[in-house]
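The basis for the numbers below is simple: all heavy atoms, side chains too, and nothing from hydrogens, waters or symmetry mates. Counting convention: from 1, in listed order, for ligands and their atoms alike.
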Amino acid sequence: MRNKTTTRTKNDLRIIPLGGLGEVGRNMTLLEYKKSILIIDVGLRFPEEDMPGIDYIIPNIEYLKKRKEDVLGIVFSHGHYDHIGAFPYILSYIFKKNLKVFASPLTRGIILKRQEEFKGYPKPKITEVKNGSKINLGQFKIEFFRQNHNIPDNLGLFIETPVGNIVYTSDFKFDPHPINDLPTDFKKLKSFGERKVLLMMSDSTGAEEEGHSLSEKEILKNLEEVFRVAKGRVIAATFASLINRIQQIISISEKNKRKVCVEGYSMKTNIEIAKQLGYVNAKKTTFINSKQIKNYPDSQVTILCTGAQGEARAALMRIASKEHPFIKIQKNDTVIFSSSVIPGNERSVQVVKDEILRQGAKVFHYKMMDIHAGGHGKKEELEKMIRMIRPKFFFPVHGQYSMLISHAELAKEIGIPEKNIVLLENGQIVSVTPKEIAIEKERAASNYVMVDGLGVGDVGEIVLRDRHILATDGMFVIITIVDRQTGKVIGSPDIISRGFVYLRESKKLLKDTRKRIISIINKATGSGGAVNWSYVKDELRNKIGQFLFKATKRRPMVLSVIIEV
Ligand SMILES: [Zn+2]
Ligand SMILES: [Zn+2]
């Protein structure tokens, strides 16, 4: 699929996806009309396994930095981190007193709770919106409508703009039996279609899967079966934000007279918020803490915890690696991974799973039974959505590139002309008029912004590359003392290395390396006059680097320290 390119016209609507395309995560989209910008969702993405030390990746908001005054407001679809997680980080750039922010009650609760972790960051007022709420932001009129997902209080957006109506589906599935939520309002969706939709942006996560997603009721049945055969404790790992799954596990536990111990900070806080707002129902006596587990027989205990994605610091990992003070894996435990694996996390999940199996517990994963997230509609639902909304232009969003393609193919098959479908990468800009859709030549910056501890964006490609070198080939530090007067090396250079070769068994290599170091330095300082030490260090890095590579086929990071005495 090839899209027409264009340059900006005066009366078009621009759509600028800053994340969420070609990836599962960091959803953030801008709608721009004349000078005004509306922001939809501000999500984060969890890092891949080849990004050592990185906590999150967030959208690149270079495009917005100088446009703070033009931002009308932010609307949030639902409380998942791939839609809200980068909010505190980007607020520091776009915060202003009159910034308007809208979210459903549960989404708002989760955002507010998370902001407590960000002391000193701005805290804008967040206005609650619900199914049917209508708001005006500049030239945009937004109507919120409920959508089923695996977290309650999820809202799609119907946006009237000067060029035409836009539908943003949010993450969705059609569920006849949702948990703590009403089923999809098909009448409403059809009525949007009747009001004429110029463009639809629709969730593509399930676009490669045939059929219909499972109803939460069917997932409940599968979970019940696991609980029925479990003889000992059940340890259920899921996402802290999968409120529906959490509710199901609590309900089944209550039915089976099991107490529930919640482990993991984010899980605890989310359950607290959801309980307060009435999205999680549980008896007061159901919950116990990890110290109380020993007071109950194994068959009366459920441990509900974070870590289904193999996250290193999550509760399940601490339990599996025997670091948890009160919970250890036991032979008759049943461990459930109840969330599908996010692309990129497969290996970490495998490691935890194997560790648990090694300790003798039973493991259920979604591949064996459908107890996974299942929050995204599959082909049947996506098709039904397109048929109801009947958009003129179609823009598949939210997913890996193959998912976007599959969604675009589906739209084509059911009659949307190819020229009316846009397939984009993050940062590309779509220009929409009532007659035409095209991609502009201009692009918004979209490269990764990585969050590492408290630093935002200070870890760039170079830092990441260094971490790779350190991780794969180690480091090699040369400490040399030179005579200030003569520039000659005094004694023998010290060598410290980590993760490179075992020095005690590499005596010859070390001896040869020292010889070279001395000759490189003496040569560089030999001519007398002022010595350019940064040149000497470069020479050491390059030449010793080459020498070590020749000898070992490894490229450690070579650092040199020169001390003049
Ligand atoms: Zn979601
Ligand atoms: Zn999502």
* Asked: Rounded to 10°, how big is the angle at the Zn ion (ligand 1) from His80 ND1 to His78 NE2?
  -> 100°
* Asked: To the nearest 10°, how many degrees is the angle Asp171 OD2 to the Zn ion (ligand 1) to His149 NE2?
  -> 100°
* Atom pair NZ (Lys353) and CD (Glu346), whose distance is rounded to the nearest 0.5 Å -> 10.5 Å
* Asked: Quick one: angle His83 NE2 - the Zn ion (ligand 2) - His398 NE2, to the nearest 10°?
  -> 100°
* Is the number of heavy atoms from other residues, nucleotides or ligands within 6.0 Å of NZ (Lys65) greater than 12? -> yes
* Scan side-chain atoms only and decide if Glu208 and Ser402 contain a donor-acceptor pair under the 3.5 Å cut-off. => yes
* Taking the Zn ion (ligand 2) as the reference point, name the nearest N/O/S atom of Asp82. => OD2
* Taking the six-membered ring for Trp, are Phe174 and Phe172 parallel (under 30°), tilted (30 to 60°) or perpendicular (over 60°)? -> tilted
